[in-house]
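Counting begins at 1 with the first residue of the sequence.
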Amino acid sequence: VDGTGDDAYLLISAPPRYLAVVYDSADANLVSHVDAVLNIIADNYGAGYPVNTSEPGDDDFWCAGWSADTANINWSIGSLLIHFENEDELTAYLRDDRYGMGGWNTANNAANGALRPIAAAIVLKSVSMDGQQWDYTIRMNASSVPPTFADNEYKIVDRHEKDADALKH
């Protein structure tokens, strides 16, 4: 927050890392269902706000309290989401020498070509015609996934409580 009274404003930004969505845009059935899911998200969480192009480290780059309300996040391709046609495209992006390089920004248009990192990817392989059965894989950024085995025991997340603190050691 900057200023007081009528001049006060809150600087906002999108999450710094992408959520990758991988699917073949030539598959009309899959595209139709992905579009329907994105519309449901937009209807329930709102359009959010456009990407703030601030650099990591700027004072206005990230507001964790603000971002906890998913209605503030722009759930669209180019903001929170990035689309790849197939896993080969995703892998090429991840293996690019400029991936996560210093100087990347949330608009993914850094002057030095640095590419915005990806936190996780959902690889959508197929969906039934009625949209009830999906074949997909979830790929996580290996640099930020906590171990599930530590201190000589498995750290299991209770699927009902969804307590991620159980994974910390």
Please report the shortest heavy-atom distance between Ile118 and Ala20, naming the atom on each side.
CG2-CB, 3.9 Å
Atom OH of Tyr136 and atom CD1 of Ile122: how far apart are they, to the nearest 0.5 Å?
8.5 Å
Side chain to side chain donor-acceptor pair (under 3.5 Å) against Thr91, all qualifying residues, sequence neighbours excluded:
none
Ile138 with Trp134, same ILVMFWY side-chain cluster at under 4.5 Å:
yes
Hey, what do you get for OH (Tyr23) to CG (Leu124), rounding to the nearest 0.5 Å?
8.5 Å
Correct closest heavy-atom pair for Ser25 and His83 would be CB-CE1, 4.4 Å
Among all residues two or more places apart in sequence or in another chain, which pass the side chain to side chain donor-acceptor pair (under 3.5 Å) test with Thr137?
Lys125
What pairs of residues pass the side chain to side chain donor-acceptor pair (under 3.5 Å) test when at least one of them lies in residues 26-37, not counting sequence neighbours?
Asn29-His33
Test side chain to side chain contact (heavy atoms under 4.5 Å, CB included) applied to Phe84 and Asp24, step by step:
CA-CA 8 Å; Phe84 296 96; Asp24 180 359; over 6 Å; no
Looking at residues at least two apart in the chain, or sitting in another chain, which of them share a side chain to side chain donor-acceptor pair (under 3.5 Å) with Asp130?
Ser128
Heavy-atom side-chain contact between Leu81 and Leu38 under 4.5 Å
yes
Name all residues meeting the salt bridge (charged side-chain N to carboxylate O under 4.0 Å, His left out) criterion together with Asp96; count only those two or more places apart in sequence or in a different chain, and write none if there are none.
Arg98
Any side-chain heavy atom of Trp104 sitting closer than 4.5 Å to one from Pro117?
yes
Of the non-hydrogen atoms in Ala110 and Gly103, which two are nearest, and what is the gap between them?
CB-O, 3.3 Å
Show the nearest heavy-atom pair for residues Asn108 and Tyr18, with the distance to one decimal.
CB-OH, 3.3 Å
For Leu90 and Ala121, the nearest pair of non-hydrogen atoms, with its separation, is CD2-CB, 3.8 Å
Any donor-acceptor pair under 3.5 Å from Asn112 side chain to Gly102 backbone:
yes
Set of salt bridge (charged side-chain N to carboxylate O under 4.0 Å, His left out) partners for Glu87, sequence neighbours left out
Arg139
Hey, does Val127 have a side-chain heavy atom less than 4.5 Å from the side chain of Asp135?
no
Please round to the nearest 0.5 Å and tell me the distance separating atom CD1 of Ile82 and atom CD1 of Ile77.
8.5 Å
